[in-house]
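Written out below as structure tokens is the structure these notes cover.
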Number of protein chains: 2
Amino acid sequence: MDTPASADREGISRIERMCIERGLKMTGQRRLIARVLSESEDHPDVEELYRRAVAQDSRISIATVYRTVRLLEEKGILERRDFGGGRARYDQADRGQHYHLIDVDTGKVIEFADPRHREIAQEIAARLGFELVDHRLELFGRRFPEGQAPATPRRPGKPQDDEA
Amino acid sequence: MDTPASADREGISRIERMCIERGLKMTGQRRLIARVLSESEDHPDVEELYRRAVAQDSRISIATVYRTVRLLEEKGILERRDFGGGRARYDQADRGQHYHLIDVDTGKVIEFADPRHREIAQEIAARLGFELVDHRLELFGRRFPEGQAPATPRRPGKPQDDEA
DNA sequence: GTACTTGCAAATTATTTGCCTGCCC
DNA sequence: GGGCAGGCAAATAATTTGCAAGTAC
């Protein structure tokens, strides 16, 4: 009840609205991907996005998903992430500065924020003669053993993701 | 003049010594790769390692380079890095905790150390209920404009590397 | 109507692997 | 001497692209 009149109809997802604002031509496929993304609370890879999209409408190909996430990244709507699983994962770009902790045993991804990192990063860049343009930080951790010991104490396996 | 008698001959590279210590069978190819790595001050990718190796002895294939860096990584001699160029880059594992700043205009990589990041990372992990197993931090920066403005203010291009 | 999108399949890129031969310990 | 290592080429895996046909504005 608080959106501008022109886009007040139900069924317009948050990301679709952002696409429209940026003047993208909205096709059925793009609308679908936009909706899937808007409803995702996690960090899906392309394969996963494709799976969720096909489930709603089979008339989409994975090549289109690849093309669309790339487009949305160029438009600043998505950010590409690398959690070390060999596939790119996507994150909405306007969720504010945050980082990720990956559970090395389960692959789950937990978000957190902490302004100190940026400050220190900025200071270090300056000391080296640079203006900080961007920075990435990922933590890999193991849940404290409060129950039993985990089975595979290895390097981060294919990250899955938290469901919320 | 301070190395153990058994490996005192010139021509034994630092990394070859580490391989021997870990009981690896030393072939001509592995010795060559070890030497190339020992002489590298930067963060070469496999292709680059292969180029440097073939230049010294053409009887090596890129598959062997792939197999060898993987082996050395498993043995804890090398660390695989991802600077966002789509290829894995390698770093000697025993150089102590350090991070990288990538110049977004030139792709050059600069190393730096700062203990605060680890401390904060550890603290955050603990707050989230995790033991910190590993962490990655990369800064992307642009040299302060003290001469002229850079040409392409874009996202990090294929990282090259500092030559020293 | 026309330029932009899509689907499909083929192309690319980075990396791994099968297999048979060769060489290190 | 026997098993691990290496070369070569084919196999994977993720992602991109050419092209003909469809569609948004």
Side-chain angles (χ1 to χ4, degrees), chain A residues 6-7 11-12 16-17 19-34 36 43-51 53-54 56-75 78 80-90 155 157-159, chain B residues 6-7 11-12 16 19-34 36 43-51 53-54 56-75 77-78 80-90 155 157-159:
Chain A
S6 66
I12 302 237
E16 178 176 352
R17 195 146 16 226
C19 291
I20 294 170
E21 281 165 14
R22 274 154 241 234
L24 294 182
K25 189 183 285 190
M26 289 315 290
T27 66
Q29 288 86 331
R30 288 185 180 174
R31 224 183 306 276
L32 175 52
I33 295 170
V36 167
H43 308 82
D45 58 34
V46 169
E47 195 104 32
E48 178 60 27
L49 281 175
Y50 175 62
R51 246 178 271 124
V54 186
Q56 301 199 232
D57 186 337
S58 60
R59 288 166 307 172
I60 190 170
S61 89
I62 195 163
T64 299
V65 181
Y66 271 107
R67 280 191 270 235
T68 304
V69 292
R70 178 179 251 256
L71 177 69
L72 298 193
E73 196 200 352
E74 281 162 9
K75 292 296 179 180
L78 292 183
R80 187 201 304 255
R81 302 275 184 171
D82 165 33
F83 294 156
R87 296 133 95 117
R89 318 258 312 243
Y90 289 88
R155 59 164 41 240
K158 307 258 170 181
Chain B
S6 65
I12 301 239
E16 179 176 353
C19 291
I20 294 169
E21 281 165 14
R22 276 154 241 233
L24 294 183
K25 185 187 288 190
M26 289 315 290
T27 64
Q29 289 87 331
R30 288 186 180 175
R31 223 182 307 275
L32 175 52
I33 295 171
V36 167
H43 308 83
D45 58 36
V46 170
E47 196 104 30
E48 178 60 27
L49 281 176
Y50 174 63
R51 246 177 272 125
V54 188
Q56 302 200 231
D57 186 337
S58 62
R59 289 165 306 172
I60 191 171
S61 89
I62 196 163
T64 299
V65 181
Y66 271 107
R67 278 192 270 236
T68 304
V69 291
R70 178 180 251 255
L71 177 68
L72 298 194
E73 196 201 352
E74 281 162 9
K75 293 296 180 180
I77 296 173
L78 291 183
R80 189 202 303 257
R81 302 274 184 171
D82 166 33
F83 295 154
R87 296 132 97 118
R89 318 257 312 242
Y90 289 88
R155 58 164 42 241
K158 307 258 170 181

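Just so it is clear: chains get the letters A, B, ... in the order the sequence lines come, proteins before strands, and each one is counted from 1.
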**Study point:** OP1 or OP2 of D:dG7 under 4.0 Å from side-chain N/O of B:Gln29
**Key:** yes

Study note, to complete from the structure: Separation of D:dG6 atom C1' from B:Ile33 atom CD1, nearest Å, is 10 Å

Review point. Can you tell which of D:dC25, D:dC8, C:dC25 lies closest to the side chain of B:Ser61?
Key: D:dC8

Point to revise | Protein-nucleotide distance (A:Arg89, atom CZ; D:dT15, atom C1'), rounded to Å | key: 17 Å

Exercise for review: Would you tell me if any nitrogen or oxygen in the side chain of A:Tyr66 comes within less than 4.0 Å of OP1 or OP2 on D:dT15?
Suggested key: yes

Practice item. Identify whether the distance between the nearest side-chain nitrogen and carboxylate oxygen of B:Arg51 and B:Glu48 falls below 4.0 Å. Key: yes

Review point. Do the side-chain N or O atoms of A:Arg70 get closer than 4.0 angstrom to the phosphate oxygens (OP1, OP2) of D:dT16?
Key: yes

**Study point:** Atom pair distance, as rounded to whole Å: CG in B:Leu49 and P in C:dT15
**Key:** 11 Å

Review point. With nearest nucleotides of DNA chain C determined for B:Glu47 and B:Gly28 from heavy-atom distances, which residue corresponds to the more 5′ nucleotide?
Key: B:Glu47

Review point. Quick one: is B:Arg87 getting a side-chain N or O under 4.0 Å of the C:dT15 phosphate, OP1 or OP2?
Key: no

Study note, to complete from the structure: Checking D:dA5, D:dC25, C:dT17 against the side chain of B:Ala63 (C-beta onward), the nearest is C:dT17

Review point. With no hydrogens and no angle check, is any side-chain donor or acceptor of A:Arg31 less than 3.5 Å from a backbone partner on A:Met26?
Key: yes

Revision key, fill the gap. Note: for B:Ile62 and A:Leu71 on DNA chain C, the residue whose nearest nucleotide lies more 5' is A:Leu71

Exercise for review: To the nearest Å, give me how far apart CG (B:Leu24) and C1' (C:dC23) are.
Suggested key: 16 Å

**Study point:** Rounded distance in Å - CG (A:Asp57) to P (C:dT6)
**Key:** 13 Å

Check your understanding: CG of A:Asp45 versus P of D:dA13: gap in Å, rounded?
Key -> 14 Å

**Study point:** Nearest-Å distance for atom pair CD/P, residues A:Glu74 and D:dT15
**Key:** 15 Å

**Study point:** Rounded distance (nearest 0.5 Å) linking atom CZ of B:Arg81 with atom OH of B:Tyr90
**Key:** 12.0 Å

**Study point:** N/O (side chain, B:Thr64) to phosphate O (OP1/OP2, D:dA5) under 4.0 Å
**Key:** no

Practice item. Tell me what A:Ile60 touches on the nucleic acid: a base, only sugar-phosphate, or nothing, going by heavy atoms under 4.0 Å. Key: sugar-phosphate

Review point. Are the side chain of A:Arg22 and the backbone N or O of A:Lys75 linked by a donor-acceptor pair below 3.5 Å?
Key: yes

**Study point:** Reported CG-to-CD1 distance for the pair A:Leu24 and A:Ile20, which is rounded to 0.5 angstrom
**Key:** 9.0 Å

Review point. Over how many whole Å does the gap from B:Lys25 atom NZ to C:dG22 atom P extend?
Key: 16 Å

Exercise for review: Report yes or no: is there a donor-acceptor pair, N or O only, under 3.5 Å between the side chain of A:Arg67 and the base of C:dG7?
Suggested key: yes

Check your understanding: For B:Thr27 and D:dC4, is the shortest distance between a side-chain N/O and OP1 or OP2 below 4.0 Å?
Key -> no

